[in-house]
Participant: 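My structure is below; once you've seen it, I'll send some questions.
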Amino acid sequence: AHQLQLMAYDLGASYRLAGDIDTSATSTAYGAGSSGMWSSRGFSPVGTWGNGANFTGALDGQGHSIQRLTIQSADSFAGLFGLVGSGAQIRNVGLADAMVEVSSGSGSHQVGALVGHNAGSISNSWVSGGNIKAASNGVQNEAGGLVGQNTGGSISDSHALASVTVQGDATRNYAGGLVGHSGGGSIERSYATGSAVSDGGVYGHAGGLAGALSGGGTVHASHATGNATVKGVINKGNLEMGTFAGGLVGWSSGSINASYASGNAWAHGILDSGPISSMRNTAGGLAGYNEGGIYHSYASGNATLNITYSF
């Protein structure tokens, strides 16, 4: 576990895992308590805004897994890797029973078990069990089972089973079973089986695979089986509000091709004051809201929309 943490001191190097790694020592949650180089906040993400650099190297897990990774902090970018830059490569690595929970009063967070913010290449990687959570009342929360935000990066042949939650009165909340928000990046031959919940905020997005797909982002040959829920979105004197829940993607302006969803989508918008100039509340079996392209794809789950007026 200590060797994983030491990657933070050479962010451009190439690494390989020779075996499975138990990182229980990163937190009191698994018994003996944090020890050595870790505080009660647990593992420190490799490549973060705080140390001024992205991870630009490579990690080849060689099919091995990292077990019980724990992060409990207020970091803007959280996961095994916080910020992964263009050109970086992460492949053949898994995380089992990860707990990544990040919260602050007014910050913005990008949180995933493997990567918080990805602009590199992720392939043949997975998450099997765990809880991923981002909470704040700031501008934006993005959380995914594997990756929080995928910006121009690629994710292929990967999957995630995790419970994903974003919470708080942020302007925008994004929760996805695999990726919280994919902007301009690609997701191929990948899937998610866990739940995604967006709770609170002016605009809430949740998708079985991705909370949102924007900036020319693509999803190809991928699927989701978990449920997507947007709830408790409250208008507190704002002129706009929206809830977007989709079995595959909550909100999309990108391209979805040869993909499917079998989970249920549920969106609940609460309007507690007026007037309001724009209110978009949508739920869909495949996409909650779509202004992009959808090709050769289908959904088999249920979509439910509830709107509550409390004034």
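All values derive from a computational prediction rather than experimental measurement.
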Participant: Atom CG of L248 and atom CG of L209: how far apart are they, to the nearest 0.5 Å?
Facilitator: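 Separation between the atoms: 5.0 Å.
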Participant: Has the side chain of Q167 got a donor or acceptor atom that lies under 3.5 Å from a matching backbone atom of G200?
Facilitator: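 Looks like no, no N/O pair under 3.5 Å.
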Participant: Using a 3.5 Å distance criterion without hydrogens, assess whether the side chain of D75 forms a donor-acceptor pair with backbone atoms of F77.
Facilitator: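 Checking the backbone N and O of F77 against the side chain of D75, no donor-acceptor pair under 3.5 Å is found.
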Participant: Determine the minimum heavy-atom distance between S222 and I187, stating which atoms define it.
Facilitator: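 Between these two residues, the closest heavy atoms are OG-O, 3.8 Å.
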Participant: Do you know the tightest heavy-atom contact between S297 and I294?
Facilitator: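 Smallest interatomic distance, heavy atoms only, reads CB-CG2, 4.0 Å.
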Participant: Just by distance, do the side chain of S125 and the backbone of I122 share a donor-acceptor pair under 3.5 Å?
Facilitator: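 No, the answer is negative, given that no donor and acceptor are paired below the 3.5 Å cut-off.
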Participant: Is the shortest heavy-atom distance from the side chain of L4 to the side chain of L17 under 4.5 Å?
Facilitator: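 The answer is yes, as the side chains (C-beta and beyond) meet within the 4.5 Å cut-off.
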Participant: For V219 and S259, which heavy atoms make the closest approach, and how far apart are they?
Facilitator: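 So the minimum-distance heavy-atom pair works out to CG1-OG, 3.6 Å.
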Participant: For the CG atom of N264 and the CG atom of N302, what is their distance to the nearest 0.5 Å?
Facilitator: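 Rounded to the nearest 0.5 Å, the CG-CG separation comes to 5.0 Å.
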Participant: Who passes salt bridge (Lys or Arg N to Asp or Glu O under 4.0 Å) against D60, sequence neighbours left out?
Facilitator: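 Salt bridge (Lys or Arg N to Asp or Glu O under 4.0 Å) check on D60 returns R91.
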Participant: Who pairs with Y174 by ring pair (Phe, Tyr, Trp, His ring centres under 6.0 Å), at least two apart in sequence or on another chain?
Facilitator: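 With sequence neighbours excluded, Y174 shows a ring pair (Phe, Tyr, Trp, His ring centres under 6.0 Å) to H181, H205, given in chain and number order.
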Participant: Is any side-chain heavy atom of Q3 closer than 4.5 Å to a side-chain heavy atom of Y15?
Facilitator: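 The answer is no; the side chains never approach within 4.5 Å.
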Participant: Look up atom CD in Q140 and atom CD in Q110, then write down how far apart they are to the nearest 0.5 Å.
Facilitator: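 Between Q140 CD and Q110 CD, I get 7.0 Å after rounding to 0.5 Å.
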Participant: Taking the side chain as everything from C-beta on, heavy atoms only, tell me whether L95 gets closer than 4.5 Å to L114.
Facilitator: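 A side-chain contact exists here, since the closest heavy-atom pair is under 4.5 Å.
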Participant: Kindly check if the number of other-residue, nucleotide or ligand heavy atoms within 6.0 Å of OH (Y289) is above 12?
Facilitator: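 Yes, because the 6.0 Å sphere around OH of Y289 holds more than 12 heavy atoms from other groups.
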Participant: Given side chains that start at C-beta, do those of N257 and H296 come closer than 4.5 Å, heavy atoms only?
Facilitator: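 The answer is yes, as the side chains (C-beta and beyond) meet within the 4.5 Å cut-off.
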Participant: Listing request: all ring-ring contact (aromatic ring centres under 6.0 Å, His included) pairs with a residue in residues 94-116, at least two apart in sequence or in separate chains.
Facilitator: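 For residues 94-116: none.
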Participant: Walk me through whether Q67 and D97 qualify under side-chain contact (heavy atoms from CB on, under 4.5 Å).
Facilitator: CA-CA 6 Å; Q67 301 160 5; D97 301 319; over 6 Å; no
Participant: Do E188 and S186 pair up side chain to side chain, a donor and an acceptor below 3.5 Å, judged on atom types alone?
Facilitator: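 Note: E188 and S186 side chains miss the donor-acceptor criterion.
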Participant: Group every Ile, Leu, Val, Met, Phe, Trp and Tyr by side-chain heavy-atom contacts under 4.5 Å, then state whether V46 and L59 land in the same group.
Facilitator: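 The answer is yes; both residues are in one hydrophobic cluster.
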Participant: Among residues at least two apart in sequence or on other chains, which ones pass ring pair (Phe, Tyr, Trp, His ring centres under 6.0 Å) with Y260?
Facilitator: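 In terms of ring pair (Phe, Tyr, Trp, His ring centres under 6.0 Å), with neighbours along the sequence ignored, Y260 is linked to H223, Y298.
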Participant: Can any side-chain N or O of S103 pair as donor or acceptor with the backbone N or O of S136 at less than 3.5 Å?
Facilitator: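 Answer holds: no.
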Participant: Determine whether V111 and K133 make a side-chain contact, defined as any pair of heavy atoms from C-beta on separated by less than 4.5 Å.
Facilitator: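 A side-chain contact is absent here, since even the closest heavy-atom pair is not under 4.5 Å.
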Participant: If the test is side-chain contact (heavy atoms from CB on, under 4.5 Å), which one of N54, I90, L11, N118 qualifies with F81?
Facilitator: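 Result for side-chain contact (heavy atoms from CB on, under 4.5 Å) with F81: I90.
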Participant: Side chains of W266 and N306: closer than 4.5 Å at any heavy-atom pair?
Facilitator: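 A side-chain contact under 4.5 Å exists here.
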Participant: Once rounded to the nearest 0.5 Å, what's the spacing between atom CZ of F43 and atom CD of Q72?
Facilitator: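 The distance works out to 14.5 Å.
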Participant: Is P45 close to I71 at the side-chain level, that is, under 4.5 Å between some pair of heavy atoms?
Facilitator: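 The answer is yes, as the side chains (C-beta and beyond) meet within the 4.5 Å cut-off.
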Participant: Assigning hydrophobic clusters by single linkage (Ile, Leu, Val, Met, Phe, Trp, Tyr; side-chain heavy-atom cutoff under 4.5 Å), is L286 placed with V249?
Facilitator: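 Result: yes, single cluster for both.
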Participant: Roughly how far, to the nearest 0.5 Å, is the OG1 atom of T26 from the NE2 atom of H2?
Facilitator: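 Result: 10.5 Å between the selected atoms.
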Participant: Looking at V102 and A78, what are the two nearest heavy atoms and their distance?
Facilitator: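 Taking every non-hydrogen atom into account, CG2-CB, 3.4 Å.
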Participant: Sequence neighbours left out, what passes side chain to side chain contact (heavy atoms under 4.5 Å, CB included) with N124? Give chain and number order.
Facilitator: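 Expected list: N92.
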Participant: Residues in salt bridge (Lys or Arg N to Asp or Glu O under 4.0 Å) with D157, at least two apart?
Facilitator: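 For D157, the residues satisfying salt bridge (Lys or Arg N to Asp or Glu O under 4.0 Å) (neighbours in sequence not counted) are R189.
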Participant: Answer yes or no: is there a donor N or O on one side and an acceptor on the other, between the side chain of D22 and the main chain of R68, under 3.5 Å?
Facilitator: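 Not at all, since once roles are kept as given, no pair shorter than 3.5 Å links the two residues.
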Participant: With a 4.5 Å cut-off on side-chain heavy-atom distances among I, L, V, M, F, W and Y, is there a chain of contacts connecting V84 to V127?
Facilitator: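 The answer is yes; both residues are in one hydrophobic cluster.
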Participant: Indicate yes or no for a side-chain donor-acceptor contact from N227 to the backbone of G263 under 3.5 Å, with no hydrogens or angles considered.
Facilitator: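 Answer holds: no.
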Participant: Kindly compute the distance separating OG (S65) from CD1 (I21), expressed to the nearest 0.5 Å.
Facilitator: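 Answer rounded to 0.5 Å: 9.0 Å.
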Participant: Under 3.5 Å, side chain of T282 to main-chain N/O of G288, donor-acceptor pair present?
Facilitator: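 Yes; judged by distance alone, with no hydrogens or angles, the pair exists.
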Participant: State, to 0.1 Å, how close H268 and I307 come at their nearest heavy-atom pair, and which atoms those are.
Facilitator: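 Looking at all heavy atoms of both residues, the closest pair is CD2-N, 4.5 Å.
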Participant: Would V230 end up clustered with V197 when hydrophobic side chains under 4.5 Å apart are linked, directly or stepwise?
Facilitator: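 Result: no, two separate clusters.
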Participant: Can you check whether I66 reaches V93 side chain to side chain, under 4.5 Å on heavy atoms?
Facilitator: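 Counting from C-beta outward, I66 and V93 do come under 4.5 Å.
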Participant: To check you understand the geometry: which heavy-atom pair defines the closest contact between L69 and A113, and what is its length?
Facilitator: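 Closest approach of L69 to A113, heavy atoms only: CD2-O, 4.0 Å.
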